[in-house]
Amino acid sequence: MSIGYAQKLSDKKDVGTLGMPELFDPPYNLQQKVEQLAVIIQKSKYLVVFTGAGTSTSCGVPDFRGPKGIWTLQRQGKGVPEASLPFDRAMPSLTHMALVELEKAGILKFVISQNVDGLHLKSGIPREKLAELHGNSFREVCPSCGMEYLRDFEVETIGLKNTPRRCVEEKCKARLRDTVLDCEDELPGKEMNLAEQQCEMADMILCLGTSLQITPACDIPLRALRNGGKVVIVNLQQTPKDKDASLVIHGLVDEVISGVMSYLYLRIPPFVRVDVFQIVFTRCTRLSDKRFMKWRLRVASIHGQNAPLPFVRSVEVSFPGRPELKVATLSKQPFLLKSLLIR
């Protein structure tokens, strides 16, 4: 998880079992299980995937409860994990992109995620096929009209609090709220109900990288069992739900899913990142001396001039047609350059 996100969370005493040893199936057994999983997926008519923090650890986003998880190290009095990244710098993993391909192929029907890193949406999973039980660090919502806003920066708050922005709907203009739950917040009814409905429709639930310890989220996948569905768990640690699963695989999620995709003759697409910003050039008030022109140049987020640009470190402004003018480097946000030029 993002260290910034973890630091914003309220203190929670009951966080489940921490630091459990990681288990790895022997190579031969692992290969057999991967092929078995591929066959189950191939035969499935309604596949739903349930993801946890282990889906994103290969992206540089640490988990909470693993041997090097944030809460595990905090309880041991140690520092934060070295591999930790801000969410806005994390890129989708092989598993994220494999799920996109499975969805496009019509095999994967729905994704339920406990993660708040936004990587499923960033990878390309359609919003209508995704339930984010704990929210999304990049998503704001209008509590009045229900409009959602997906940002390219981490929203400043967690705990369903007001943010600095307002709804853009002309008849609304209400203050927006973040969507990320704090420790004591209840799961959002809309996302929870959708997740439960999807699991009841599924003939297979594939749990990826989750310890399945915290209720009520950990019980949602078991709803598939009511209608004869199967549960498969891929995780490096034992979980309380292993006894309910048709198959348990102890291995790296990326390795397991890559093997499944190979067996199914499906290609894992690359992730292509696209960032968008706006350049605003403004001519200011006319001067009495027409030989001069006053202007202002701003490089800003498409989400508003006061919104941060996490993917831009500096801006260089040059004047190719005016060699007498020096190159200007803007190294701090807001990226704003004011100047007075001779025409």
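Computed over heavy atoms, backbone and side chain alike; hydrogens, waters and symmetry mates excluded.
Separation of atoms CD (Glu156) and CZ (Arg151) is listed at 9.5 Å; rounding is to 0.5 Å. In this structure, CG in Asp254 is found 7.0 Å from SG in Cys59, a value given to the nearest 0.5 Å. For the atom pair CG (Leu99) and CG (Leu47), the distance works out to 8.5 Å, reported to the nearest 0.5 Å. The structure places CD of Gln333 at 10.5 Å from OG of Ser314, a figure rounded to the nearest 0.5 Å. Rounded to the nearest 0.5 Å, atoms CD (Glu101) and CD1 (Ile107) are 8.5 Å apart. Taking CZ from Phe277 and CG from Asp152, the interatomic distance works out to 11.0 Å, rounded to the nearest 0.5 Å.
In this structure, Lys326 contributes its side chain and Pro323 its backbone to no donor-acceptor pair below 3.5 Å. Between the side chain of Thr55 and the backbone N or O of Gly52 there is at least one donor-acceptor pair closer than 3.5 Å. Put simply, the side chain of Lys129 never gets that close to the backbone of Val111: no donor and acceptor are under 3.5 Å apart. Here the side chain of Asp117 pairs a donor or acceptor atom with the backbone of Leu119 at under 3.5 angstrom. The backbone N or O of Ile249 lies less than 3.5 Å from no partner atom in the side chain of Asp25, so there is not a single donor-acceptor pair. At distances below 3.5 Å, not a single donor-acceptor pair connects side-chain atoms of Asp178 with backbone N or O atoms of Val155. Lys43 contributes no side-chain N or O that, together with a main-chain N or O of Ile40, makes up a donor-acceptor pair within less than 3.5 Å. Panel note: side chain Thr57, backbone Gly54; a donor-acceptor pair is recorded below 3.5 Å. Judged purely by atom type and a 3.5 angstrom limit, Asp185 uses its side chain to pair as donor or acceptor with the backbone of Asp182. Under the 3.5 Å distance criterion, the side-chain polar atoms of Ser144 are left unmatched by any main-chain donor or acceptor of Ala174.
Using the six-membered ring where Trp is involved, His303 and Phe153 have ring planes that are perpendicular, over 60° apart on the 30 and 60° scheme.
Counted by atom type alone, Glu35 and Gln31 present one or more donor-acceptor pairs between their side chains at under 3.5 Å. Using modelled atom types, one finds no donor on one side chain facing an acceptor on the other under 3.5 Å when comparing Thr239 with Gln213. In the model, Asn136 has a side-chain atom that pairs as donor or acceptor with a side-chain atom of Glu132 under 3.5 Å. Side-chain atoms of His120 and Ser123 include no donor-acceptor pair closer than 3.5 Å. Between the side chains of Thr51 and Ser113, a donor-acceptor pair is found at a separation under 3.5 Å.
By the 4.5 Å heavy-atom criterion applied to side chains, Leu181 and Pro188 are counted as neighbours. Taking the side chain as every heavy atom from C-beta outward, Tyr263 and Ile41 never approach each other to under 4.5 Å. Side-chain contact between Leu133 and Val116: absent, with no pair of heavy atoms (C-beta onward) separated by less than 4.5 Å. Looking at heavy atoms from C-beta onward, Phe281 lies out of side-chain contact with Arg298 at the 4.5 angstrom threshold. Leu208 has its side chain out of reach of Phe50: every pair of non-hydrogen atoms, C-beta onward, lies at least 4.5 Å apart. With a 4.5 Å cut-off on side-chain heavy atoms, Cys199 and Ile112 count as touching. Residues Arg313 and Lys332 have side chains not in contact (no heavy-atom distance under 4.5 Å, counting atoms from C-beta outward). Inter-residue side-chain proximity for Met204 and Val232 is flagged as met; some heavy-atom pair is nearer than 4.5 Å.
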Acceptor/donor pairs from residues 214-225 side chains to any protein atom, 3.5 angstrom cut, sequence neighbours excluded:
| from | atom 1 | to | atom 2 | distance (Å) |
| --- | --- | --- | --- | --- |
| Asp219 | OD1 | Lys241 | NZ | 2.8 |
| Arg223 | NH1 | Glu200 | OE2 | 2.4 |
| Arg223 | NH2 | Glu196 | OE2 | 3.4 |

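Residues passing the side chain to side chain donor-acceptor pair (under 3.5 Å) test with Lys122: none are found, sequence neighbours excluded.
Transitive grouping of hydrophobic side chains (ILVMFWY, heavy atoms separated by less than 4.5 Å) brings Leu150 and Phe271 into a common cluster.
Just one of Arg177, Arg175, Arg165 meets the side chain to side chain donor-acceptor pair (under 3.5 Å) condition when paired with Glu140; it is Arg165.
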